[in-house]
Trainee: 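I have a structure here, written as structure tokens, and I will follow up with some questions on it.
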Protein chains: 2
Amino acid sequence: MNRDQLFQEIVSKKSFLCVGLDTDLTKIPEHLLGEEDPIFAFNKEIVAATEDLCVAYKPNIAFYECYGTKGWESLRKTCEILPKNTLRIADAKRGDIGNTSKMYAQAFFDPAVSGLDFDAITIAPYMGEDSVTPFLEFENKWAIVLALTSNAGSKNFQNFANRGDKQLFEEVIDQVNTWGSTDNLMYVVGATRGEAFLNIRAHAPDHFLLVPGVGAQGGSLEDVCKYGMNAQCGLLVNSTRAIIYASSGRDFAEKAREEAIKVQKQMEAELIRKGIL
Amino acid sequence: MNRDQLFQEIVSKKSFLCVGLDTDLTKIPEHLLGEEDPIFAFNKEIVAATEDLCVAYKPNIAFYECYGTKGWESLRKTCEILPKNTLRIADAKRGDIGNTSKMYAQAFFDPAVSGLDFDAITIAPYMGEDSVTPFLEFENKWAIVLALTSNAGSKNFQNFANRGDKQLFEEVIDQVNTWGSTDNLMYVVGATRGEAFLNIRAHAPDHFLLVPGVGAQGGSLEDVCKYGMNAQCGLLVNSTRAIIYASSGRDFAEKAREEAIKVQKQMEAELIRKGIL
């Protein structure tokens, strides 16, 4: 999916919602545990209930990988049913030396090799340029590089500042910008402090940003939009728990839809406020 | 495997060699390609030919993951045959927010959940403390945190320096040191410049270091030992291509053994020079 297609989906669905698929056997409804593949069964119903309300899905790879071979099969089946008119993001936080990142890129982007056909993958930038560029060589695929995350540990290194008071996450954005373009790079920026987006936009005015941390983690959608939205929206705001675990009963998909509608309505208002709709 | 056991293996095998299992279908001998699982068949012969000469094996997870579910099954079978008297390292470069790193830790450390029983995993530190600590909660298991890597891109961010000329990789070691101990933390330090180990040892005098970059990547074993070895050896030096791809013929395992013996002999000389043997 390219940048224009993504923007068209945002306009047409009046939404920039990304639904996180952190599917956890200890949290999904009990009646699904008897299924042959409970994780896939859960995801299938969640996707069917939300696909007209969101523009992206983001399976968190750890939640599949922790079940080894079986979990990777659940991931493959999930990837297969994710609608092609959504941005299918592998939240994998990969990154290694060049020849190894090339293998990770095949793992998530080349279905002929791996069986997986994601559109985007999250990347940890610590190992630098050759760890990122192999993901940029696939047409209409995206590397979503960690910049400023929303977890407690984000402050340990991401705020490490140089002589000129430039922080590591700013240096990451400035350098990574030169390795690709707004057509194949996005950044992960946590939503815990909406005003931080002013600074992010000084470094990456036009890039799409993948934003976790709204909702359960305490970030405000209004602030994120106020400080982070650009003329092409430029935001994919992720919500996981509030949607996929809205109910632990047989009505889980229906309740997930109700929660997704609430978020979509807020997003529609923000898109109107910005003049995009 | 704990620290004492690792040191005992080093003394008993007169070696601190780690054999990398970056098993690549385009590089293994052609006669194996007809096997049901060529990657596993290759690894099995390599392990049998080298297990008395090395103290660690390090499958590079990308080389398995790129084949999706099937690759993860090759990884599971490989992990199963890695000798328990070697440190079994998953070279995975994982790292995510706390609850997700916990799932990655289960993926590699908890065979009851995932089928994989590695002793150690490589970790990218960008997301900070809560991304690392879940790996430290398993007894006799290790987090091997990226500090200074040997690839071209290492300079992009790892050398980013603060007001006091402290570089990011030094800050990583100093902070990560406080999250665990020399009994559950190691660091990845590339061997491209042996003298860099003087500085590393100023920050981590007692930790084990996992050292890639000797051999094919140009680092010198002698320099690494001169500047990096401590009283308990403190080094695991990785070699991959020079050993596992020593021959592409039917004699690949025999040739791998010959190469491993050469490295082991050099290591024995270094251990004697240091007074460890």
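Predicted model only: the values in this text are computed from it and were never measured.
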Trainee: Under 3.5 Å, side chain of Gln175(B) to main-chain N/O of Asn156(A), donor-acceptor pair present?
Mentor: yes
Trainee: Out of Thr149(A), Leu116(A), Thr100(A), return the one with the most heavy atom pairs under 4.5 angstrom to chain B.
Mentor: Thr100(A)
Trainee: If I measure from the heavy atoms of chain A, does Tyr64(B) come under 4.5 Å with its side chain, its backbone, both, or neither?
Mentor: neither
Trainee: State, with a plain yes or no, whether a side-chain heavy atom of Trp72(B) is found less than 4.5 Å away from one of Tyr67(A).
Mentor: no
Trainee: Count the heavy-atom pairs under 4.5 Å between each of Gly164(B), Pro125(B), Ser131(B), Ser101(B) and chain A, then report the option with the highest count.
Mentor: Pro125(B)
Trainee: Where along residues 36-43 of chain B does a heavy atom come under 4.5 Å of chain A, listed by residue number?
Mentor: none
Trainee: What residue, out of Asp91(A), Thr69(A), Asn99(A), Thr122(A), has the most heavy-atom pairs lying under 4.5 Å from chain B?
Mentor: Thr69(A)
Trainee: Below 30° counts as parallel, above 60° as perpendicular, anything between as tilted: where do the rings of Trp179(B) and Phe157(A) land?
Mentor: tilted
Trainee: Nearest 0.5 Å, what's the SG-CG distance between Cys66(A) and Asp110(B)?
Mentor: 9.5 Å
Trainee: Would you say Lys93(B) and Lys93(A) make side-chain contact, with heavy atoms under 4.5 Å?
Mentor: no
Trainee: Less than 4.5 Å to any heavy atom of chain A: does that hold for the side chain of Ala152(B), its backbone, both, or neither?
Mentor: both
Trainee: Quick one: which of Glu73(A), Glu129(A), Arg94(A), Gln106(A) has the most heavy-atom pairs under 4.5 Å with chain B, could you say?
Mentor: Arg94(A)
Trainee: Tell me, side chain or backbone of Leu75(A) under 4.5 Å from chain B's heavy atoms, or both, or neither?
Mentor: neither
Trainee: Which residues, numbered in order, of residues 135-147 of chain A come under 4.5 angstrom of chain B by heavy-atom distance?
Mentor: Leu146(A), Ala147(A)
Trainee: Can you tell me how far CD of Glu65(A) sits from CD1 of Ile61(B), rounded to the nearest 0.5 angstrom?
Mentor: 8.0 Å
Trainee: Could you have a look at Gly98(B), Ala62(B), Ser154(B) and say which one has the most heavy-atom pairs with chain A under 4.5 angstrom?
Mentor: Ala62(B)
Trainee: Let me confirm one number: the CD-CZ distance from Gln167(A) to Phe160(B), rounded to the nearest 0.5 Å.
Mentor: 8.5 Å
Trainee: Answer yes or no: is there a donor N or O on one side and an acceptor on the other, between the side chain of Asn151(B) and the main chain of Asp130(A), under 3.5 Å?
Mentor: no
Trainee: Atom CG in Asp22(B), atom CG in Asp96(A): separation rounded to 0.5 Å?
Mentor: 8.5 Å
Trainee: Below 4.5 Å from any heavy atom of chain A, which atoms of Val132(B) appear? Answer side chain, backbone, both or neither.
Mentor: neither
Trainee: Identify which of Lys166(A), Arg76(A), Arg163(A), Lys155(A) forms the greatest number of heavy-atom pairs closer than 4.5 Å to chain B.
Mentor: Arg163(A)
